[in-house]
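We name chains A, B, ... by the order of the sequence lines, and we start the count at 1 in each one. This structure is a prediction, so every number in the text was calculated from the model and none was measured.
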Amino acid sequence: MLSDEECLKAIEIMGESFPNAHSSLVADTDFHFLLAVIMSAQTTDKAVNILSPKLFETYKTPYELAEANVADVMTLIKTIGLYRNKAKYLVACAQKIVSDFHGVVPQSRKELMSLPGVGRKTADVVMAECFGIPAIAVDTHVTRVSKRLRMVAQDADVLKIEQTLMKKLPKSIWIAAHFRMIYWGRYQCMARSPKCESCPLLKMCAEGKRRVEKG
DNA sequence: ATCCCGAGGG
DNA sequence: CCCTCTGGAT
């Protein structure tokens, strides 16, 4: 396992490659950003950004989406994976925001997670992006990158990963670290063919060295 | 543990 | 063709 200092160093090196990594989901309001994050589950944000302008134009507020026909929403988001479940979540989520939160996206993790289709990862992303609340959302990229680098135990689940990273990294860089690991996972440490040979982190990466050794 | 699930990349 | 994409609910 990497020490706290080594973890911080790794995050800093990622920052040199991706100096201003930020969310690539496009949304004009907190409500629309929440919808985009729900839709991004097991789906590239690029795919979400293609359909979201029309969806957001059609349903500008929670009040409008709460009255929507689920079938109509399905048609609008049919190009992304898991679209049937997501369409139901989006409408149910809008309805609950109207009924329980006066039409305003709540800020606490507990309240966010009470919304249909919103789990810990989605709640963390919204807290960080919309409200500036420090959090480390653990998704497929963060899981893969932190495990390959041995920042966390190989058998850690997403909650354990989040807790370990929060303990090892200063709160002031949690949000930046999240986005840097996302970009690292997308463009350097990809799931299938990571670019280990040219990786700036190779010297401190157990998995990278193992892969290079192996060929 | 299992289901959902289209599009893009290798 | 097969794998992966900022997961969550049952």
In whole Å, I'd like the distance from the CG atom of A:L35 to the P atom of C:dG7. 17 Å
DNA chain C: A:Y89 or A:K121, which has the more 5' nearest nucleotide? A:K121
For C:dC5 and A:S40 - does any side-chain N or O of the residue sit under 4.0 Å from the phosphate oxygens OP1/OP2? no
Partners of A:E6 by side chain to side chain donor-acceptor pair (under 3.5 Å), sequence neighbours excluded? A:S3
Could you work out the separation of C:dT10 and B:dC5 based on their P atoms and round it to a whole Å? 15 Å
C:dC5 phosphate, OP1 or OP2: any side-chain N/O from A:T140 under 4.0 angstrom? yes
Atom pair distance, as rounded to whole Å: CZ in A:R120 and C1' in C:dA9: 17 Å
Whole Å only: how far is the CG atom of A:L25 from the P atom of C:dG7? 11 Å
Tell me the interatomic distance from A:L112, atom CG, to C:dT6, atom P, rounded to whole angstroms. 21 Å
Return the value, rounded to whole Å, for the distance between atom OH of A:Y183 and atom C1' of C:dC5. 14 Å
Report the distance from atom CG of A:D139 to atom P of C:dT4, rounded to the nearest whole Å. 15 Å
Would you kindly give the CZ-to-P distance between A:R109 and C:dG8, to the nearest whole Å? 12 Å
Within 45 degrees of the axis of the six-membered ring of A:Y183 and under 6.0 Å from its centre: does A:R186 put its NZ or CZ there? yes
According to the interplanar angle, ranging from 0 to 90°, do the rings of A:F56 and A:H32 count as parallel (below 30°), tilted (30 to 60°) or perpendicular (above 60°)? parallel
Between P of C:dC5 and NZ of A:K86, the distance in whole Å: 13 Å
Would you say C:dT6 has OP1 or OP2 under 4.0 Å from some side-chain N or O of A:H178? no
Atom P, compared across C:dT6 and B:dG10: separation rounded to whole Å: 14 Å
A:E207 and A:L149: CA distance, side-chain angles, deciding distance, side-chain contact (heavy atoms from CB on, under 4.5 Å) verdict: CA-CA 7 Å; A:E207 178 67 13; A:L149 280 166; over 6 Å; no
Take nucleotides 1-10 of chain B nucleotide by nucleotide from the 5' end and write B, S or -, depending on whether a protein heavy atom sits under 4.0 Å from the base, only from the sugar-phosphate, or from neither. ---BBBS-B-
